[in-house]
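Reckoned from all heavy atoms, side chains included, excluding hydrogens, waters and symmetry mates.
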Amino acid sequence: MTSTDINTGNSKSWIWLAIIGVILTIGGIMCLTNPLASTFTALILAGATFMAAGIIQLIAAVTAKEDSTGSRILGAILGLVLVVFAISLMRHPLAGIVSLTVLVGILFLISGVIRTVLSFQLRPASGWVFVLVSGIISIVLAFMVFNNMPEIAAGLLGILLGIDLLSSGITSILMAFGVRAVTK
């Protein structure tokens with residue numbers, strides 16, 4: 001394969017990356033324009049993911065003959081918990097949305113505390129202030145989630161999904177232009 005063949009292949013790959021970026025960006029904008037519908041979509045995706053993970057865990061627990069009986073039982077229990085959680089999310093979507101929103105708040109809090117502690121460990125290095133600010137923002141977001149429950153639950157997951165899709169889309173588009181510039 002010559003360098004011309006490689007450049008020709010790469011010159012087309014940027015187009016696909018740009019298309020993916022546009023699709024993700026449009027999806028992000030749609031999520032932000034209707035966060036309630038996006039929240040329910042996020043709930044369905046989370047439920048399907050937990051269901052798939054639970055089923056795979058159950059299959060792994062049953063078929064893993066080389067593992068000890070205790071670890072197979074624990075694996076099966078984990079699989080059952082995931083399946084039951086997925087069914088609960090699907091059967092009781094409003095309670096599921098509140099549960100997932102509380103989980104998001106907990107994740108904001110944990111990541112904020114970790115980043116804040118990490119920033120003080122990085123203190124002599126340049127940029128430690130940005131890590132500190134990022135940690136403080138995450139902690140503030142966690143308190144905002146907890147202080148506005150359950151009202152915030154209806155749209156928060158959709159807004160976060162929209163922001164993530166928008167960010168991923170813009171990043172993909174920028175990467176596509178970068179790949180295009182390199183292959184010219």
Keeping the roles fixed (side chain from [X], backbone from [Y]), state whether a donor-acceptor pair exists under 3.5 Å.
X    : Y    : value
S134 : F130 : no
T41  : A37  : yes
R72  : A64  : yes
T49  : L45  : yes

Tell me whether [Y] is reachable from [X] by hopping between hydrophobic residues (I, L, V, M, F, W, Y) whose side-chain heavy atoms are closer than 4.5 Å.
X    : Y    : value
L166 : L157 : no
L89  : V83  : no
I106 : I137 : yes
V81  : I56  : no

With heavy-atom distances below 4.5 Å as the criterion, would you say the side chains of W128 and L118 are in contact? no
Determine whether F40 and L94 make a side-chain contact, defined as any pair of heavy atoms from C-beta on separated by less than 4.5 Å.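 They are in side-chain contact.
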Sort out for me which residue in I173, I20, L165, T171 forms a side-chain contact (heavy atoms from CB on, under 4.5 Å) with T25.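 By the side-chain contact (heavy atoms from CB on, under 4.5 Å) criterion, T25 pairs with just one of I173, I20, L165, T171: I173.
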Can you name the one residue among L36, T39, L32 that meets side-chain contact (heavy atoms from CB on, under 4.5 Å) with I159? L32
Specify the closest pair of heavy atoms between A86 and G47, including all atoms of both residues, with the distance to one decimal.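 Smallest heavy-atom distance, with atoms named: CB-O, 3.3 Å.
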So, for P35 and G155, which heavy atoms are closest and what is the spacing to 0.1 Å?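 Reported closest heavy-atom pair: CB-O, 3.6 Å.
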What's the separation between atom [atom1] in [X] and atom [atom2] in [Y], rounded to the nearest 0.5 Å?
X    : Y    : atom1 : atom2 : result
I136 : S119 : CD1   : OG    : 7.5 Å
F85  : L80  : CZ    : CG    : 15.0 Å
S172 : I23  : OG    : CD1   : 10.5 Å

